[in-house]
Amino acid sequence: MKIIMLGAPGAGKGTRAAMIADYFNIPHISTGDIFRANIKNGTQLGMEAKGFMDQGLLVPDELTVKILLDRVAADDCREGYILDGFPRTIPQAEVLDQELVKMGDKVDYAIDVDVPDDVIIDRMSGRRACLKCGATFHIAHVPPKQEGICDKCGAELIQRADDAPETVKNRLTVYHEQTQPLIDFYQGKGILKQVSGTGAVKDALQDMLAVLI
Ligand code: AMP
């Protein structure tokens with residue numbers, strides 16, 4: 001099973017992708033997480049990606065496509081995977097398709113998580129992330145037990161540079177211009193499934209399974 005999660009930044013793709021990955025027992029692959037891990041480890045890729053990410057811009061396709069193709073070539077991806085945050089441009093989607101065709105394979109579903117822009121802005125500007133384990137909270141909707149401290153590992157919570165208000169606006173503009181066209185792209189292939197991203201998180205898995213099965 002190969003599934004793509006579509007949706008604006010902050011739509012809840014990551015949370016939903018983790019649920020699907022768990023349900024089908026397939027890897028959850030987030031290009032954003034791969035970049036953040038590289039930044040944390042101070043790699044060349046991380047240094048190149050950081051400048052784009054901090055401004056709310058997409059990392060160029062040449063860098064992004066390579067890390068994604070390397071990751072999906074790993075052994076644990078043989079039975080499938082769920083992609084969270086890739087593709088984000090039509091050229092990325094085309095490269096993925098071409099690579100899969102070479103292996104006699106294809107994407108099974110693209111799930112679009114639909115959330116209005118004003119909800120996205122509220123979610124992202126209130127988001128706080130743990131510097132150490134990556135867990136995320138929201139100052140109003142999912143507050144940590146102790147302000148500024150991660151419930152899971154006790155490390156400090158910060159606002160990621162790419163969640164700062166100006167950056168959120170840029171990310172939404174980039175989403176509408178470069179990523180939203182993928183909805184039509186996958187609709188044209190007959191594999192697009194749409195779910196609302198504003199419902200209760202406890203219902204999210206059932207909502208997705210209902211459109212997949
Ligand atoms: P995310 O955690 O998925 O919201 O990604 C965080 C940031 O990483 C994005 O705002 C982009 O700068 C970069 N990024 C992640 N995935 C991609 C991608 N497929 N193409 C280009 N840039 C990406």
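Note that ligands are numbered from 1 as they come in the structure, with each ligand's atoms numbered from 1 the same way. Start at 1 with the first residue, then count along the sequence. What you see below is based on every heavy atom in this structure, not just the backbone, and it leaves out hydrogens, waters and symmetry mates.
- Residues satisfying the side chain to side chain contact (heavy atoms under 4.5 Å, CB included) criterion with Glu156, sequence neighbours excluded, are Leu131, Ile158.
- Among Lys189, Lys106, Gln92, Lys102, the single residue meeting the side-chain hydrogen bond (donor to acceptor under 3.5 Å, both in side chains) criterion with Asp97 is Lys189.
- For the residue pair Asp122/His141, the side-chain donor-acceptor check at 3.5 Å is satisfied.
- Partner Asp163 forms a salt bridge (Lys or Arg N to Asp or Glu O under 4.0 Å) with one of Lys169, Arg128, Arg127 and no other, that one being Arg127.
- Distance from atom 23 (C) of ligand 1 to its nearest protein heavy atom, with residue and atom name: Phe35 CE1, 3.8 Å.
- Which parts of ligand 1 touch Leu57 is read off a 4.0 Å heavy-atom cut-off, strictly below it: atoms 11 (C), 12 (O).
- Considering only non-hydrogen atoms, atom 1 (P) of ligand 1 lies nearest to Arg88 out of Gln55, Lys50, Gln178, Arg88.
- Here's the thing with Val59: one of its N/O atoms is less than 3.5 angstrom from an N/O atom of ligand 1.
- Looking at Pro87 next to ligand 1, no N or O pair under 3.5 Å apart turns up.
- Listed by atom number, the atoms of ligand 1 under 4.0 Å from Thr64 heavy atoms are 18 (C), 19 (N), 20 (N), 21 (C).
- Side-chain atoms of Gln98 and Glu94 form no donor-acceptor pair, as typed in the model, at a separation below 3.5 Å.
- Nearest protein heavy-atom contact of atom 7 (C) of ligand 1 is Met53 CE, 3.7 Å.
- The residues Asp112 and Lys193 are annotated as not salt-bridged, no charged nitrogen and carboxylate oxygen being separated by less than 4.0 angstrom.
- If you check each of Arg36, Lys13, Arg171, Gln92 against atom 20 (N) of ligand 1, the one with the closest non-hydrogen atom is Gln92.
- Contacts between Asp33 and ligand 1 below 4.0 angstrom, taking non-hydrogen atoms only, are absent altogether.
- For Asn25, the CG atom is loosely surrounded, since the number of other residues' heavy atoms within 6.0 Å does not exceed 12.
- Nearest to atom 19 (N) of ligand 1 by heavy-atom distance, out of Gly14, Gly85, Ala49, Gly51, is Gly85.
- For ligand 1, the atoms closer than 4.0 angstrom to any heavy atom of Thr31 are 15 (C), 16 (N), 17 (C), 19 (N).
- Both the sub-6.0 Å distance and the 45° axial angle are not jointly satisfied by Lys50 relative to the ring of Phe52.
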